[in-house]
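Structure first, then comments.
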Amino acid sequence: MGLRNRTLFLEEKCFFVTTSCYKHLKLLESDQCKLIIANSLNFVALKYKISILGYVIMPNHFHVLFYFNNENKLSDSMRDLKKFCAFEIRKHLESSQSSLLNLIRIENDKQVFKVWEDRFDDVWIGNKELLEIKLEYIHQNPLQSHWNLSEYPENYKYSSAAFYLGNPENIVQLTDYRDIFE
């Protein structure tokens, strides 16, 4: 898979990343699948020395703000995250005998199941203002009328919104962006 001009941004540190489930299916609707994503975010953050500045896990996609403390390994970290999550989500769907399993069965030469769209989207965050716009977007995502997952951003359990209102307990290990973007 090509880097789609990512090589132009290898020296950059902060990115807004979005990845979606195959055919935008709601594969992440269960709490178990959201925890798989959260645990994998924590894992890649440790492995690649990433500070996670914000995130939201939605029923069919997730957004995350990555800050690479050392070398930018965006493609590697997303590859690892998506690969691990695909395996775990498929296992969960099999164990729960979910009808979604039939919708992700593709059986081509390379794979039998498909959990994610092939690519992920990323936007380089070059300043604090853009970061705050993206963070606000992340936190408002569950409130959108077509989702209606929460009345207030801080009440949605699978988001960094409560962290920024002073609740340090979160399923994803977070870093306050104000500690980086002063």
Side-chain angles (χ1 to χ4, degrees), residues 6 9 12-69 72-75 77-78 80-82 84-85 88-89 115-117 119-182:
R6 286 195 180 97
F9 296 96
E12 305 305 339
K13 298 286 189 179
C14 191
F15 294 87
F16 171 76
V17 181
T18 301
T19 197
S20 298
C21 294
Y22 178 61
K23 294 185 179 180
H24 298 279
L25 294 168
K26 294 181 180 177
L27 300 176
L28 310 178
E29 205 157 32
S30 76
D31 287 347
Q32 181 63 33
C33 288
K34 288 181 184 77
L35 288 173
I36 290 167
I37 303 298
N39 291 334
S40 191
L41 284 169
N42 289 327
F43 175 80
V44 297
L46 281 172
K47 180 177 180 180
Y48 292 104
K49 296 176 178 47
I50 301 169
S51 292
I52 298 176
L53 308 180
Y55 77 97
V56 66
I57 305 168
M58 301 295 289
N60 69 356
H61 68 283
F62 68 87
H63 303 289
V64 62
L65 282 161
F66 280 153
Y67 182 86
F68 291 87
N69 295 296
N72 173 343
K73 293 281 193 172
L74 180 58
S75 292
S77 59
M78 287 302 295
D80 290 359
L81 187 144
K82 289 172 71 172
F84 174 78
C85 290
E88 292 298 317
I89 289 167
V115 171
W116 302 109
E117 289 294 329
R119 300 192 181 270
F120 62 90
D121 295 313
D122 60 303
V123 175
W124 169 54
I125 305 296
N127 59 57
K128 182 178 176 180
E129 292 74 27
L130 182 56
L131 186 140
E132 288 173 339
I133 289 168
K134 294 301 186 182
L135 192 60
E136 180 69 14
Y137 175 79
I138 284 172
H139 294 160
Q140 292 297 318
N141 213 217
L143 282 61
Q144 293 178 5
S145 60
H146 62 279
W147 292 116
N148 201 27
L149 298 173
S150 180
E151 190 174 349
Y152 301 102
E154 62 271 21
N155 291 347
Y156 187 64
K157 183 174 165 181
Y158 302 102
S159 161
S160 55
F163 172 83
Y164 283 102
L165 289 175
N167 183 355
E169 294 180 29
N170 204 291
I171 58 174
V172 172
Q173 183 66 42
L174 295 164
T175 299
D176 193 317
Y177 75 92
R178 293 166 291 204
D179 294 339
I180 296 170
F181 287 84
E182 295 184 46

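In this chain, residues are counted from 1 in sequence order. Computed from heavy atoms alone, side chains included, the values below leave out hydrogens, waters and symmetry copies.
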Is a donor on one side and an acceptor on the other found under 3.5 Å between the side chain of [X] and the backbone of [Y]?
X    : Y    : answer
E117 : K23  : yes
N60  : K26  : no
N42  : I171 : yes
W116 : K82  : yes
N167 : F163 : no

At what distance, to the nearest 0.5 angstrom, does [atom1] of [X] lie from [atom2] of [Y]?
X    : Y    : atom1 : atom2 : result
I125 : E132 : CD1   : CD    : 11.0 Å
L65  : I52  : CG    : CD1   : 10.0 Å
K13  : I180 : NZ    : CD1   : 10.5 Å
C21  : F62  : SG    : CZ    : 9.0 Å
T19  : F120 : OG1   : CZ    : 8.0 Å
M78  : D122 : CE    : CG    : 9.0 Å

Using every non-hydrogen atom in the two residues, find where [X] and [Y] come nearest and quote the distance to one decimal.
X    : Y    : value
L41  : L81  : CD2-CD1, 3.4 Å
K34  : E29  : NZ-O, 2.7 Å
L27  : I89  : O-CG2, 4.4 Å
S77  : F68  : OG-CZ, 3.9 Å
S159 : A161 : OG-N, 3.1 Å
L143 : S150 : CG-O, 3.5 Å

Donor-acceptor side-chain pairing of [X] and [Y] below 3.5 angstrom:
X    : Y    : result
Y164 : E154 : no
S160 : H139 : yes
E136 : Q140 : yes
N170 : Y55  : yes
N69  : S51  : yes

Problem - Single hit among I37, V172, D31 for side chain to side chain contact (heavy atoms under 4.5 Å, CB included) with Y158 - result: D31
Handout entry: Contacts of type side-chain contact (heavy atoms from CB on, under 4.5 Å), residue L149, not counting sequence neighbours
Key = M58, P59, P142, W147, Y156
Just so I know, are the side chains of [X] and [Y] near enough to count as touching, which here means a heavy-atom distance under 4.5 Å?
X    : Y    : result
F181 : R178 : no
V123 : F15  : no
V115 : C85  : no

Problem - Atom CD of Q144 with >12 non-hydrogen neighbours under 6.0 angstrom - result: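 Result for CD/Q144: enclosed.
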Exercise for the section: Taking atom NZ of K128 as the centre, report whether more than 12 heavy atoms of other residues, nucleotides or ligands fall under 6.0 Å from it. Expected result: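 For K128, atom NZ is crowded (more than 12 foreign heavy atoms under 6.0 Å).
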Exercise for the section: Answer yes or no on whether K134 is positioned over the face of F16, meaning its NZ or CZ is under 6.0 Å from the six-membered ring centre and within 45° of the axis. Expected result: yes
Exercise for the section: Would you verify whether the NZ or CZ of K73 falls within 45 degrees of the ring axis of Y48 while also being under 6.0 Å from that six-membered ring's centre? Expected result: no
Handout entry: Derivation of the side-chain hydrogen bond (donor to acceptor under 3.5 Å, both in side chains) call for T18 and D121
Key = CA-CA 5 Å; T18 301; D121 295 313; 5.8 Å; no
